[in-house]
Amino acid sequence: MLGLIGKKVGMTRLFDASGNMVPVTVIEAGPCYVAQIKTAEKDGYNAVQLAFGERRAKLATKPLLGHCQKANIKPPRVLREFRDFALAESVKLGDVLKADLFSEGDVVSVTGVSKGRGFAGVVKRHHFGGGPKSHGQSDRHRAPGSIGSSSFPSRSFKGLRMAGRMGGDRLTVRNLQVVKVDAEKNLIAVKGAVPGAPNGIVIIKKK
């Protein structure tokens, strides 16, 4: 499995050879630095830890600074592990991985944190239809309706869809096609939408 840490830039559109419009999400994929290489003999599993972005040294903890000194890299904004990394045998500490790890036509999965929507009702959160708009119903248009029986079982079942905090969840969108790769600017364009707001951190993986 190959992968990079990136940042969502935003959405736009491209046109294919036939002139068809393709909605794409632009992602700044890398540059990522190899911060640690884990092996089954030493750590119990095989993985490559990548670092993305930078943070001021005064804001980094001493354990993080010591960890980065081993790879001779600056304190990163994000650290993530990729298990069974396909290039694990050919990379070494401090190496730089860029967007050219991907190519046009690749199918990838993108993981991010969805936009936080705050407290939301059942119509927005679960797409309920709401109550009837007539027959004297003046204040029940967006109400959830009954949440349980009266005499039996006299309780609401666990997991019932109700109003509550919406968004801010870790989500993965699979089988997204890489439409374009700009290796010089470390940008890739994938067909469709990915979770999160612009400038949000995303993980791009290719099997």
Side-chain angles (χ1 to χ4, degrees), residues 1-10 25-116 167-178 181-183 185-207:
M1 177 182 291
L2 288 175
L4 285 178
I5 310 169
K7 181 174 68 173
K8 179 178 177 179
V9 177
T25 301
V26 180
I27 301 173
E28 181 185 338
C32 294
Y33 299 88
V34 179
Q36 187 178 3
I37 300 175
K38 294 190 174 183
T39 60
E41 294 77 17
K42 183 178 179 181
D43 304 288
Y45 63 96
N46 296 311
V48 171
Q49 186 185 76
L50 299 182
F52 175 75
E54 292 184 13
R55 71 170 72 187
R56 287 182 291 169
K58 65 181 293 184
L59 300 179
T61 61
K62 287 186 178 180
L64 179 62
L65 289 173
H67 184 67
C68 295
Q69 286 176 357
K70 294 179 182 178
N72 195 24
I73 62 175
K74 295 181 179 180
R77 179 184 173 192
V78 184
L79 282 174
R80 289 291 185 275
E81 280 188 5
F82 294 82
R83 289 204 176 197
D84 301 319
F85 200 73
L87 301 177
E89 296 181 356
S90 59
V91 299
K92 55 184 181 295
L93 288 179
D95 281 358
V96 184
L97 302 179
K98 299 184 178 181
D100 56 7
L101 206 64
F102 303 104
S103 57
E104 294 182 9
D106 287 346
V107 177
V108 298
S109 298
V110 180
T111 302
V113 178
S114 63
K115 292 181 181 178
D169 299 317
R170 181 182 170 91
L171 299 176
T172 299
V173 179
R174 306 180 191 279
N175 301 324
L176 295 175
Q177 183 181 5
V178 177
V181 177
D182 188 342
K185 297 181 180 179
N186 280 316
L187 298 176
I188 66 171
V190 297
K191 184 178 180 179
V194 304
N199 294 322
I201 296 298
V202 295
I203 308 296
I204 311 111
K205 293 182 180 180
K206 178 182 73 171
K207 291 185 178 180

Ile37 side chain near Phe85 side chain, heavy-atom distance below 4.5 Å: no
Separation between CG of Leu97 and SG of Cys32, rounded to the nearest 0.5 Å: 7.0 Å
Reported CG-to-CZ distance for the pair Leu2 and Phe102, which is rounded to 0.5 angstrom: 7.0 Å
Any residue meeting side-chain hydrogen bond (donor to acceptor under 3.5 Å, both in side chains) with Gln177, in chain and number order, not counting sequence neighbours: none
Pairs touching residues 49-72 that satisfy salt bridge (Lys or Arg N to Asp or Glu O under 4.0 Å), sequence neighbours left out: none
Which atom of Pro31 lies closest to which atom of Val96, heavy atoms considered: CB-CG1, 3.7 Å
Residues which pass side-chain contact (heavy atoms from CB on, under 4.5 Å) with Val9, listed by chain and number, not counting sequence neighbours: Val26, Glu28, Leu187
Working for side-chain contact (heavy atoms from CB on, under 4.5 Å), residues Asn72 and Leu93: CA-CA 8 Å; Asn72 195 24; Leu93 288 179; over 6 Å; no
Exercise: identify the closest heavy-atom pair between Ala99 and Asn186: N-OD1, 3.1 Å
Nearest-0.5 Å distance, CG of residue Leu79 to NE2 of residue His67: 5.5 Å
Donor-acceptor contact present, side-chain Thr25 to main-chain Val190, <3.5 Å: no
Sequence-distant partners of Lys8, salt bridge (charged side-chain N to carboxylate O under 4.0 Å, His left out), two or more places apart: none
Heavy-atom pair with the smallest gap, counting every atom of Val202 and Gly112: CG1-CA, 4.3 Å
4.5 Å side-chain heavy-atom contact, Pro75 and Leu65: yes
Rounded distance (nearest 0.5 Å) linking atom CG of Asp95 with atom CG of Leu50: 10.5 Å
Minimum heavy-atom distance between Leu101 and Gly3, given as atom pair plus value: CD2-O, 3.8 Å
Separation between CG of Leu4 and CD1 of Ile27, rounded to the nearest 0.5 Å: 10.5 Å
Close side-chain approach of Lys7 to Phe52, heavy-atom, < 4.5 Å: yes
Over 12 non-hydrogen atoms of neighbours within 6.0 angstrom of NZ in Lys38: yes
Which atom of Ala71 lies closest to which atom of Ala35, heavy atoms considered: CB-O, 3.8 Å
Minimal non-hydrogen separation, Leu64 against Pro76, with atom names: CD1-CD, 4.2 Å
With Val113 via side-chain contact (heavy atoms from CB on, under 4.5 Å) - residues at least two apart: none
Check: Asp84 main-chain N/O paired with Asn46 side-chain donor or acceptor under 3.5 Å: no
Sequence neighbours excluded, every pair satisfying side chain to side chain donor-acceptor pair (under 3.5 Å) that has a member inside residues 101-112: Ser103-Asp106, Asp106-Lys206, Thr111-Thr172
